[in-house]
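Along the sequence shown, residues are numbered consecutively beginning with 1.
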Amino acid sequence: MPISWNEIRHNAVAFSKDWAGVAREEAEAKSFWDAFFNVFGIKRKLIASFEEPVKNLKGNWSYIDLFWKGVLLVEHKTRGKSLEKAYSQAIDYIQALKTEGRDDECPRYVIVSDFAKIALHDFEGDESTEFTLDEFYRCVDYFAFIPGYKQHKLDVEDPINIRAVELLGELHDAMKDGGYSGHDLERFLVRVLFCLFAEDTGLFERNAFTLFIENHTKPDGSDLGVQLARLFQVLNTPTERRQKNLLEELADMPYVNGDLFAESLPFADLNRDMRNRLLACCRFDWSRISPAVFGSLFQSVMEPKERRQVGAHYTSERDILKLVRSLFLDDLREQFDKIKGYKDKTQLTAFHKKLGELKFLDPACGCGNFLVVTYRELRLLEIDVLKVLHGEQAALDIHHFSLVDVDAMYGIEINEFPARIAEVALWLVDHQMNQRLSEAFGQYFVRLPLKKSATIRNANALRIDWKEVLPPERCSYVMGNPPFVGKKEQSAEQKGDHGLVWKGTQNAATLDYVTCWHRLVAEYIRGTNVSVAFVSTNSICQGEQVSILWNFLLRNCQIKLHFAHRTFAWVSEARGKAHVHCIIVGFGNGDVPLKRIFDYEVDPQTPSISIVRNISPYLVEGGDLTIPTRNDRLCNVAPEMNKGSEVTDDGHLLLNDMERETLLRETPAMVPYVRPFTGGKEFINKLFRWCLWLKDAPPDIVRKSQFVVDRLNKVQEFRRKSPKQRTIELADFPGLFGENRQPATPYLLVPKVSSERRKYLPIGFLDPTTIVSGSALVVPDATRFHFSILSSRMHMAWMRQVCGRMKSDYQYSVGIVYNNYPWPESPTPKQKADVEAKAQAVLDARAAHAEACLADLYDPLTMPANLTKAHADLDRAVDACYRAKPFDSDRERVEFLFALYEKLTAPLTARLKEPKRGRKRK
């Protein structure tokens, strides 16, 4: 009987260590291949011979380096020689065998090697693999034919194929439809996932789980549930306490412990389809599984509606590492690099001890992606430390080397299934790291039975005390990716959570759900040195949320921002990838000397990094100021901006082209009282609508039109049914708009909502005869200078930073964007004239494309060259009104504007802080 696969893995590590990286002569090939076969517990001379003679096509004798009849042919070369030539030579030998009539001796496998590399070719499977010798222990599965283990063809498309995840999700759905659901199903699938991983990575004997299903369950799946229950029970039983008459395959299974298999689950009644789905999962190679796959697994088995509601956004490893590196990993690596060269290892030993004492909390951990990646990176750093401390000495006992274990990881998760996935994921990545440690020191290291585990609390993080999970004085870092759920998307339960967390805070109902974690963590870390980083939607650093959230954190909790990743595109590893724009904000209770801003404006893949003195809540360099909603304008140079008029008519005062024509045929006298009607959407897309504007219409003309009378009756009926008292009162005036804010003079129209894709805000002048709706904003009596500033890149940079969002589109507001905007302090008459001339050039460029709408003209893909140039000229002219030195980026513009805003608001702030003086007594 062949030796266990765990022993083979152990031997493979030692073989790689002994033979890799050392120059060898061809004369040593025999020793090399004898040692190679010893890895599998087989004496080479019993099955294969060296220098097997074969007559080549020219009739001369040649000699095969190593030959195992019917199975394997090996051709070995000196280090550095071509493996392709060696392979060609092997093919010639096989042809020669056939020529001699020795077809039955022709091998299925060919191996070629030069001591440094090994290439294996499987003629039946039509597969080849090549690797360096120090990677042999990872690739040892390919040589399962040597000790006689059954081969399973793996999906070659991707070792971490998402299809495997989907298959497990399909198994979930099939079992759920069959009536096996809820907690029992979730725990069952977590155990299955562990077994799939364990048999591919050496925790179990190779293919032990798959072979147990194939050999000991019926093809129709009728006994599969019972047999899996037996297996789970065995995995939870110490070997010395197991029954003596167990199946050999079960008796050989290791004791796992860790409570993973402790709970007794009801038997699952499965069928042929479910068994086939499970076996299909077994066909995939889970040995190189990425931690991010666990997020994909979770998403694939959840209902799409539930997934959106819970806000389970699974971040890719790339984005997780942005947080992990910025929060702690880069600093730890820097510390290690400084001390690793010291002859005295005292500091390095202390550093290693420090790594073993770190504790991490993810209070919205989902299926543990952040904890898994954190643990992996911490273990990799520890392995580097151990290599320096112990010099990769293979003779040392490594079982007590590692001080970092999974019990350093803490999490809180509201749903049970992802909480259990998180626990298992950490065990699995722990095993991966143990394999890496084995590789480094030439010993096989495995932690079984499981003695330590992560602490993953299955609870609502917004309704429990985090200190009960991990006391803050023991915590080192808090991190994660709390749910992205906007105000309107929150369930009743989530609104209850939100109200509980933000109780007593004015205007807090505006805040996104994710801000609940920001408030709770600020209170959790109060008075400690714990550092925090959360991934969030960028909405919490834009618009009206900023002053509500960050005023509380900065002033009430003394939070300081330590680093920030400005807006980047979030990437999910799961199918149906959602598109979300995210930020990462790192902060703590105390200040740090060096603060970093990561900006993705130029290169979405490689950010520029700036070292700054302070990071503002808008994630630019600046003070800890927030932009409040204000009713008056910061700069008097700006004319007043208002909303357009509200109709409040249920559509009955509005007309399309056909309805207008019908009305005017019936009553031509109504022509002056049918006005063009526009809003933000209509203005941008050149859509034509009309409205009944009866403000000064003579009653006799109105009564002559049955069309108008019918419409007024419907408006009156609609308003009388309203729950709002003011709207009911408006029913007495059915011919008037609910709120009339129509300018009496020419005005500038600014859409309230505009696409985030546009480089500029599409605004324009209109005559007062065109009635504007509440979906747009108006600036009466605006000049070309005002048009210039509001059309500029400078103003756009400000708007992008402080405005709110409707979905991903910009939502312009009077109170935050316009009234707070810092206009140029003192442009010269020449500068103003230049700006106005450039503004006219923009208007002229538009006019040259009279048939196109503004949506066409300002689409980044179709914007005409003359308009692009005109805007670029205008940008330079506007920038010059602020300062002589050109701006290199929009972020630089925003930082300048914030500094100017702070300067302009400083006198007001000082006045507000002055104590009131009492009247002097005579």
Should we count CD of E493 as having more than 12 external heavy atoms under 6.0 Å? no
Chi angles and distances behind the side chain to side chain contact (heavy atoms under 4.5 Å, CB included) call for K759, M863: CA-CA 10 Å; K759 189 175 180 180; M863 191 172 183; 5.6 Å; no
Euclidean distance, S645 OG relative to K695 NZ, rounded to 0.5 Å: 10.5 Å
Using side chain to side chain contact (heavy atoms under 4.5 Å, CB included), reason through S539 and Q545 one step at a time and then give a plain yes or no. CA-CA 7 Å; S539 57; Q545 293 197 52; 3.8 Å; yes
Does a donor on one side chain sit under 3.5 Å from an acceptor on the other, for N713 and E717? no
Any donor-acceptor pair under 3.5 Å linking the side chain of Q742 with the backbone of T770? yes
Interatomic distance, F598 atom CZ to F568 atom CZ [nearest 0.5 angstrom]: 11.0 Å
Is any side-chain N of the basic residue among K869 and D873 closer than 4.0 Å to the acidic one's carboxylate O? yes
Taking R566 first and then E895, would you say they form a salt bridge - that is, a charged N and a carboxylate O separated by under 4.0 Å? no
Between L874 and A839 the two heavy atoms that sit nearest each other are CD1-N, 4.0 Å
For the backbone of G679 and the side chain of E682, can you confirm whether one donor and one acceptor N or O come within less than 3.5 Å of each other? yes
Shortest non-hydrogen separation from V620 to I597 and the atoms involved: C-CD1, 3.7 Å
CD of Q801 to OG of S616, rounded to nearest 0.5 Å, is 7.0 Å
Go through the side-chain N and O atoms of D319 and H565 and say whether any donor and acceptor fall under 3.5 Å apart. no
State whether the number of non-hydrogen atoms from other residues, nucleotides or ligands found under 6.0 Å of R555 atom CZ is greater than 12. yes
For the residue pair Y882 and L900, establish whether any side-chain heavy-atom pair is separated by less than 4.5 Å. yes
Quick check: W550 with Y618 (ring centres under 6.0 Å apart)? no
Salt bridge (charged side-chain N to carboxylate O under 4.0 Å, His left out) partners for E544, two or more places apart: none
Mind checking whether C881 and V835 have side chains closer than 4.5 Å, heavy atoms only? yes
Value for CG (L904) from CG (N820), rounded to nearest 0.5 Å, stands at 10.5 Å
Backbone N/O of R719 and side chain of S722: donor-acceptor pair under 3.5 Å: no
So do V715 and L653 actually touch side chain to side chain, heavy atoms under 4.5 Å? yes
Examine distances only and state if a side-chain atom of N614 and a backbone atom of G622 form a donor-acceptor pair shorter than 3.5 Å. yes
D875 vs M794 side-chain heavy atoms within contact, under 4.5 Å: no
Mark yes or no for whether R633, through its side chain, and A638, through its backbone, hold a donor-acceptor pair below 3.5 Å. yes
Can you tell if the side chain of Y747 reaches within under 4.5 Å of the side chain of L766, non-hydrogen atoms only? yes
D603 atom CG, neighbour heavy-atom count above 12 within 6.0 Å: yes
With a cut-off of under 6.0 Å to the ring centre and 45° to the axis, is R741 in cation-pi contact with F737? no
Considering only heavy atoms from C-beta outward, does the side chain of S773 approach that of F677 to under 4.5 Å? yes
D834 and salt bridge (Lys or Arg N to Asp or Glu O under 4.0 Å): which single residue from K830, K838, K832 fits? K838
Quick check: closest heavy atoms across A797 and D890, and the distance to 0.1 Å? CB-O, 3.9 Å
Main-chain N/O of G815 paired with T629 side-chain donor or acceptor, under 3.5 Å: no
With a 4.5 Å heavy-atom cut-off, do R758 and I684 have their side chains touching? yes
How about L694 and M670: do any of their side-chain heavy atoms sit closer than 4.5 Å? yes
Atom CZ of R883 with >12 non-hydrogen neighbours under 6.0 angstrom: yes
So how far is it from S491 OG to H498 NE2, rounded to the nearest 0.5 Å? 12.0 Å
Over all atoms of both residues, closest heavy-atom pair of Q542 and R800: NE2-O, 3.7 Å
Salt bridge or not between D879 and R876? Use side-chain N to carboxylate O under 4.0 Å. no
I'd like to know whether Y818 forms a side chain to side chain contact (heavy atoms under 4.5 Å, CB included) with L790, so could you lay out the CA-CA distance, the side-chain angles of the two residues, the decisive distance to 0.1 Å, and finally the verdict. CA-CA 9 Å; Y818 186 78; L790 298 182; 4.0 Å; yes
Quick check against the 3.5 Å criterion: does N656 have a side-chain atom that pairs as donor or acceptor with the backbone of M658? yes
Just by distance, do the side chain of D512 and the backbone of V514 share a donor-acceptor pair under 3.5 Å? no
Assess the residue pair R711 and F707 against the criterion (side chain to side chain contact (heavy atoms under 4.5 Å, CB included)); give the C-alpha distance rounded to whole Å, side-chain angles, the decisive distance to 0.1 Å, and a yes or no. CA-CA 6 Å; R711 288 297 184 98; F707 180 96; 3.7 Å; yes
State, to 0.1 Å, how close P617 and T626 come at their nearest heavy-atom pair, and which atoms those are. CG-CG2, 4.0 Å
Just to verify, which of Y812, W823, Y760, F787 counts as forming a ring pair (Phe, Tyr, Trp, His ring centres under 6.0 Å) with H795? Y812
Specify whether Y901 and W798 have parallel, tilted or perpendicular ring planes, treating 30° as the upper limit for parallel and 60° as the lower limit for perpendicular. tilted
Side-chain donor/acceptor of T745 to backbone N/O of P780, under 3.5 Å: no
Take a 6.0 Å sphere around CG of N636 and say whether it holds more than 12 heavy atoms from other residues, nucleotides or ligands. no
Got a second to check how far F765's CZ is from H786's NE2, nearest 0.5 Å? 9.5 Å
If the threshold is 4.0 Å, N to carboxylate O, is there a salt bridge linking K903 and E825? yes
Of the non-hydrogen atoms in I816 and V802, which two are nearest, and what is the gap between them? CG2-O, 3.5 Å
